[in-house]
Participant: 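If you scroll down you'll find the structure; I have some questions about it.
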Amino acid sequence: MNNEERKIFWDTLNNLDGIDKENDFIKIKTSIHYPEELCKFKKVNDYSLLGLQTNQLYIPSTIQYDDPFDTYLYFDHKALKDKINSHFINKTEPIFNIFCDNYNISATAENRQQAYYNIDQNIELVLQEIINSSKQIRSIIQRTAKSISFTEDFKNETLWLKYADSHKGFCLVYDLTEQDNIKNSIFPIYYASTPYDATDSAINFLLKILYYHIKFTLNINSADINSELANLDSKLTYFKYKISLIKKECHHYDQEWRYLPSNPNEEYLEWQPSKIILGLRTPKHHIELIKNSAKIAGIQNIYQVYINLQDELDILPVNF
């Protein structure tokens, strides 16, 4: 996909409201033009060889990536504080009344005023703590957002240099034509000069934390609070996609695609490569290690990069 096609995907994603997820899924898939194959470049080390032998790819959190702005939240701190404060104007008293009903505190009880003060102060303290620590939301998201990066083309010279030890590593190639279960979790990266403004999403994220505190810590439950949480969940449906699938234009050479796990506890993706491509300068003893690992994994198609007569990277089959 070129970046114009990637923008169509990005615009489609940003127009979803999360209410009709089945229809949203159709819109998203219609906007994506998948390649037949995806590639993953690797250095040769114990970790990459073990992953090759077991047909597993580790799913890191984005804080482990080399780009500090990966899955980075850009938001307006002042707008965030103002909107959260304004959201709770005139809401403390209704929350307090629910609390009194839950615990049978009568309207004439002497401790009712003190109870109101305690509820008001509790919510205010948590509210201020959330607002004051809003900067930490970036590291929270980067620690919890997980993904695997792929690219479209094994001929990508920049990625051979960057991720495959200057052509001394190898490239795993994955067939997308018969992997709908995995394909449904893979999306293109959109490259933009202007970052995604996550202010509204950050506000909804922090409001959700506060409402959970009200519901579970203060044990205040009501249809209104449950409705607020459901509304916030709907607004946050595609939050992780929006912050994970946009990068600065300077990274456009990556031609990146990402696997985003539906289960946040998923540690590894099990996916057997359709073929392995050895680097132009992969040492012979490393080639033997890769071939032996491929044999253990049941991978039969191995190729090696060479420079063809058109002075371009190309591949030839390698015999076991």
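Remember, predicted model here, so these are calculated numbers, not experimental data.
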Participant: Has Glu270 got a side-chain atom pairing as donor or acceptor with Asn55's backbone, closer than 3.5 angstrom?
Facilitator: no
Participant: With heavy-atom distances below 4.5 Å as the criterion, would you say the side chains of Phe170 and Val44 are in contact?
Facilitator: yes
Participant: State, to 0.1 Å, how close Pro264 and Ser262 come at their nearest heavy-atom pair, and which atoms those are.
Facilitator: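 Nearest heavy atoms, Pro264 then Ser262: CD-O, 3.6 Å.
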Participant: Working note: Tyr303 + Leu316, criterion side chain to side chain contact (heavy atoms under 4.5 Å, CB included); need CA distance, chi angles, decisive distance, verdict.
Facilitator: CA-CA 5 Å; Tyr303 299 80; Leu316 284 172; 5.9 Å; no
Participant: Do Leu49 and Ile148 share a hydrophobic cluster (ILVMFWY, side-chain heavy atoms under 4.5 Å, transitive)?
Facilitator: yes
Participant: Inspect the surroundings of NZ in Lys7 and state if more than 12 heavy atoms from other residues, nucleotides or ligands are less than 6.0 Å away.
Facilitator: no
Participant: Determine, stepwise, if the pair Lys242 / Leu13 fulfils side chain to side chain contact (heavy atoms under 4.5 Å, CB included).
Facilitator: CA-CA 7 Å; Lys242 292 176 183 178; Leu13 174 62; 4.1 Å; yes
Participant: Hey, are Glu152 and Arg6 close enough for a salt bridge, meaning a charged N less than 4.0 Å from a carboxylate O?
Facilitator: yes
Participant: For the CD1 atom on Ile307, are there more than 12 heavy atoms of other groups (residues, nucleotides or ligands in this structure) within a distance under 6.0 Å?
Facilitator: no
Participant: Which residue pairs pass the side-chain hydrogen bond (donor to acceptor under 3.5 Å, both in side chains) test with at least one member in residues 164-177, sequence neighbours excluded?
Facilitator: Asp175-Thr177
Participant: Could you measure the distance from the CD atom of Gln56 to the CD atom of Glu267? Nearest 0.5 Å is fine.
Facilitator: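 It comes to 10.0 Å.
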Participant: Look at the side chain of Thr237 and the backbone N and O of Asp233, then say whether any donor-acceptor pair between them is shorter than 3.5 Å.
Facilitator: yes
Participant: Answer whether the closest heavy-atom distance between the side chains of Val305 and Leu278 falls below 4.5 Å.
Facilitator: no
Participant: Taking Ser48 for the side chain and Lys43 for the main chain, is one N or O donor matched with an acceptor at less than 3.5 Å?
Facilitator: yes
Participant: Minimum heavy-atom separation for Tyr190 to Ala192, with atom names?
Facilitator: CE2-CB, 3.5 Å
Participant: In this structure, would Trp271 and Tyr163 fall into the same cluster of hydrophobic residues linked by side-chain contacts under 4.5 Å?
Facilitator: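 Per the 4.5 Å side-chain linkage, Trp271 and Tyr163 are not co-clustered.
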Participant: Does Arg258 pair with Glu256 as a salt bridge, N-O distance under 4.0 Å?
Facilitator: yes
Participant: Aromatic rings Phe69 and Tyr74: how do their planes relate, parallel, tilted or perpendicular, breaks at 30° and 60°?
Facilitator: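 Answer is parallel, since the angle falls under 30°.
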Participant: Looking at Lys291 and Glu288, is any side-chain nitrogen of the basic one under 4.0 Å from a carboxylate oxygen of the acidic one?
Facilitator: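 Looking at Glu288 and Lys291, the cut-off is met.
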Participant: Same cluster for Tyr72 and Tyr241 if Ile/Leu/Val/Met/Phe/Trp/Tyr side chains link at under 4.5 Å?
Facilitator: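 Result: no, two separate clusters.
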Participant: Decide yes or no for Ile141 and Thr71: does some side-chain heavy atom of the first lie under 4.5 Å from some side-chain heavy atom of the second?
Facilitator: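 They are in side-chain contact.
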Participant: Verify the cluster assignment for Ile182 and Leu245: are they in a single hydrophobic cluster under the rule of side-chain heavy atoms below 4.5 Å apart?
Facilitator: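 Same cluster.
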Participant: Examine distances only and state if a side-chain atom of Ser293 and a backbone atom of Leu52 form a donor-acceptor pair shorter than 3.5 Å.
Facilitator: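 No, because the side chain of Ser293 does not come within donor-acceptor range (under 3.5 Å) of the backbone of Leu52.
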Participant: Quick one: do Asp24 and Asp17 satisfy side chain to side chain contact (heavy atoms under 4.5 Å, CB included)? Show the steps, please.
Facilitator: CA-CA 8 Å; Asp24 287 348; Asp17 55 21; 4.3 Å; yes
Participant: Check step by step if side chain to side chain contact (heavy atoms under 4.5 Å, CB included) holds for Leu57 and Leu172.
Facilitator: CA-CA 10 Å; Leu57 289 170; Leu172 302 172; 4.3 Å; yes
Participant: For Tyr259 and Glu266, does a side-chain donor sit closer than 3.5 Å to a side-chain acceptor?
Facilitator: yes
Participant: What pair of heavy atoms forms the shortest contact from Asp254 to Lys247, and how long is it?
Facilitator: OD2-NZ, 4.0 Å
Participant: For the pair Tyr191 and His252, name the ring-plane relationship: parallel under 30°, tilted 30 to 60°, perpendicular over 60°.
Facilitator: perpendicular
Participant: So, the side chain of Lys240 versus the backbone of Thr144: is there a donor-acceptor pair under 3.5 Å, distance only?
Facilitator: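 Flag not set: sc Lys240 to bb Thr144 has no pair under 3.5 Å.
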Participant: State, with a plain yes or no, whether a side-chain heavy atom of Phe9 is found less than 4.5 Å away from one of Phe187.
Facilitator: yes
Participant: Around atom CG of Asn23, are there more than 12 heavy atoms of other residues, nucleotides or ligands at under 6.0 Å?
Facilitator: yes
Participant: Side chains of Tyr65 and Ser147: any donor to acceptor distance under 3.5 Å?
Facilitator: yes
Participant: Could I get the full list of salt bridge (Lys or Arg N to Asp or Glu O under 4.0 Å) partners for Asp314, not counting sequence neighbours?
Facilitator: none
Participant: Just verifying a value: how many Å separate Leu313 CG and Tyr306 OH, rounded to the nearest 0.5 Å?
Facilitator: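 Between atom CG of Leu313 and atom OH of Tyr306 there are 10.5 Å.
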Participant: Please check: side-chain N/O of Asn156 versus main-chain N/O of Tyr253, any donor-acceptor pairing under 3.5 Å?
Facilitator: yes
Participant: Quick check against the 3.5 Å criterion: does Gln179 have a side-chain atom that pairs as donor or acceptor with the backbone of Leu176?
Facilitator: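 No; judged by distance alone, with no hydrogens or angles, the pair does not exist.
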Participant: Just checking, any donor-acceptor pair under 3.5 angstrom between side chains of Asn14 and Tyr238?
Facilitator: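 No, because no side-chain N or O of Asn14 sits under 3.5 Å from a partner of the opposite role on Tyr238.
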Participant: Could you tabulate the donor-acceptor pairs under 3.5 Å formed by side-chain atoms of residues 31-42, not counting sequence neighbours?
Facilitator:
from	atom 1	to	atom 2	distance (Å)
Ser31	OG	Ile28	O	2.7
Tyr34	OH	Lys29	NZ	2.4
Tyr34	OH	Lys183	O	3.2
Tyr34	OH	Ile186	O	2.8
Glu37	OE2	Lys275	NZ	2.7
Lys40	NZ	Ser149	O	2.8

Participant: Taking a hydrophobic cluster as the set of Ile, Leu, Val, Met, Phe, Trp and Tyr residues connected by side-chain heavy atoms closer than 4.5 Å, whether directly or through intermediates, do Trp10 and Trp257 fall within one such cluster?
Facilitator: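 Yes, same cluster.
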Participant: Have Gln142 and Ser139 got a donor and an acceptor in their side chains that come within less than 3.5 Å?
Facilitator: no
Participant: What pair of heavy atoms forms the shortest contact from Leu260 to Ser244, and how long is it?
Facilitator: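 Heavy atoms of Leu260 and Ser244 come nearest at CD2-CB, 4.1 Å.
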Participant: Are the side chains of Phe25 and Asn184 in contact, using a 4.5 Å heavy-atom criterion?
Facilitator: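 Answer yes - side chains close enough.
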Participant: Is Ser201 reaching over with its side chain to a backbone N or O of Phe239, donor-acceptor style, under 3.5 angstrom?
Facilitator: no
